[in-house]
Asker: 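Sharing a structure with you now.
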Amino acid sequence: MKGFFITFEGIEGSGKSSLARMSAEHLSSLGYSVVLTREPGGTPLGEMIRKLLLDPEGEPMTPLTELLLYFADRAEHIGKTILPSLKEGKVVICDRFSDSTIAYQGYGRGLDMETILELDRIAREGLTPDLTILLDLDVETGLGRNQAARKFDRFEAEDLEFHEKVRNGYREIARKSPERVRLVNASLPKEAVWDQVREVLESFVRSQTYRIDLPGNR
Ligand code: TMP
């Protein structure tokens, strides 16, 4: 029995976290055993790392320190939550994963991409998501939504140019991995975005051989 690993990605204010939660609820209602988690912060130690990384009042850190903290969070998360859950045949839905590091630290901060890819491969123990849903929308709309929701952390404080680089980085990732990454237009009203996400999820699970033994599922 094999679980699935599904990740949600996108810029600030893309609606990722709500859509990840709705997806977890939807797949649970279809009979899947689902673990909903996030990065940074999917473990108790990861929550501490998240505070260090995102606190706008926190000690400024070098871009390399930041990168290594994301990888420390990922290594802990992979070892303690993601791999054990997949081995139990569960569906793991993760709000952000490796593509965030490539988009933010690679395309956004401009750190060396080869170094990032190599360290990332080590941190995630070679595990790649089965499906990634990339919520795409323009940067002004995304940041505006977060301002309206009074969400503010160290990344929301970055300028528009930084967020544009992140968005374009994500689009580049989607272009390079079309078999894994599904791009969803997140600028539409909430219900319309959810309809697209649900459609992607349902066609993905239909395409998989692993099914939970439910009446009517054979
Ligand atoms: P969020 O989960 O509320 O979106 O906040 C996480 C922030 O951390 C977000 O601004 C993106 C950033 N981030 C990175 O820069 N690199 C990473 O590898 C991850 C997982 C997140």
Side-chain angles (χ1 to χ4, degrees), residues 5-21 23-24 36-43 45-58 60-78 80-82 92-113 115-125 127-129 132-137 139 141-170 172-173 181 186:
F5 182 31
I6 300 174
T7 59
F8 278 79
E9 295 282 358
I11 59 163
E12 315 301 317
S14 57
K16 212 173 26 58
S17 306
S18 326
L19 289 159
R21 187 177 28 77
S23 301
L36 174 63
T37 184
R38 68 170 177 176
E39 287 197 4
T43 58
L45 180 59
E47 276 303 330
M48 293 161 86
I49 297 175
R50 182 180 175 94
K51 286 205 182 79
L52 291 175
L53 280 164
L54 300 184
D55 182 358
E57 316 277 290
M61 61 184 81
T62 73
L64 181 60
T65 308
E66 177 185 275
L67 178 72
L68 294 173
L69 284 172
Y70 279 112
F71 285 140
D73 171 70
R74 183 155 308 138
E76 183 76 1
H77 196 202
I78 280 277
K80 297 242 179 93
T81 307
I82 300 178
V92 176
I93 297 188
C94 191
D95 180 352
R96 295 195 183 281
F97 192 62
S98 297
D99 296 320
S100 284
T101 323
I102 296 167
Y104 282 78
Q105 281 64 50
Y107 288 99
R109 298 255 190 258
L111 295 180
D112 179 60
M113 201 58 96
T115 308
I116 293 179
L117 294 176
E118 179 58 11
L119 290 172
D120 181 56
R121 195 183 54 74
I122 296 167
R124 63 186 163 82
E125 297 188 31
L127 182 75
T128 305
T132 295
I133 297 182
L134 171 57
L135 299 159
D136 182 57
L137 82 169
V139 163
T141 310
L143 290 174
R145 283 183 187 169
N146 274 7
Q147 260 170 17
R150 298 189 185 282
K151 180 175 181 298
F152 188 80
D153 63 30
R154 241 166 29 84
F155 283 89
E156 271 114 24
E158 292 286 343
D159 59 18
L160 278 184
E161 196 193 336
F162 174 83
H163 292 287
E164 287 290 357
K165 285 190 209 157
V166 173
R167 182 196 185 188
N168 291 332
Y170 269 132
E172 188 65 16
I173 294 169
V181 183

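Both ligands and their constituent atoms are indexed starting at 1 by order of listing. As a basis for the values below, the full set of heavy atoms in this structure was taken, side chains included, without hydrogen atoms, waters or symmetry mates.
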Asker: To the nearest 0.5 Å, what is the distance between CE on Met113 and CD on Gln105?
Answerer: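 The CE atom of Met113 sits 10.0 Å away from the CD atom of Gln105.
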
Asker: For the rings on Phe97 and Phe5, is their centre-to-centre separation under 6.0 Å?
Answerer: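 That pair passes the under 6.0 Å test.
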
Asker: Going by side chain to side chain donor-acceptor pair (under 3.5 Å), Thr101 matches just one of Glu66, Arg74, Glu39. Which one?
Answerer: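 Of Glu66, Arg74, Glu39, side chain to side chain donor-acceptor pair (under 3.5 Å) with Thr101 is met by Arg74 alone.
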
Asker: For Asp95, run the salt bridge (Lys or Arg N to Asp or Glu O under 4.0 Å) check against Arg38, Arg21, Lys16, Arg50 and tell me which one passes.
Answerer: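 That would be Lys16; it is the only one of Arg38, Arg21, Lys16, Arg50 passing the salt bridge (Lys or Arg N to Asp or Glu O under 4.0 Å) with Asp95.
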
Asker: Should Thr132 and Asp99 count as side-chain neighbours, where that means a heavy-atom distance under 4.5 Å?
Answerer: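 Touching, per the 4.5 Å side-chain cut-off.
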
Asker: Select all protein residues for which some heavy-atom-to-ligand 1 distance is less than 4.0 Å, and list them by chain and number.
Answerer: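 Close residues (ligand 1, cut-off 4.0 Å): Glu12, Lys16, Glu39, Pro40, Arg50, Leu54, Tyr70, Arg74, Arg96, Ser100, Thr101, Tyr104, Gln105, Lys151, Phe155.
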
Asker: Under a 4.5 Å cut-off applied to non-hydrogen side-chain atoms, are Val92 and Thr81 in contact?
Answerer: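 No, every pair of side-chain atoms sits at 4.5 Å or beyond.
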
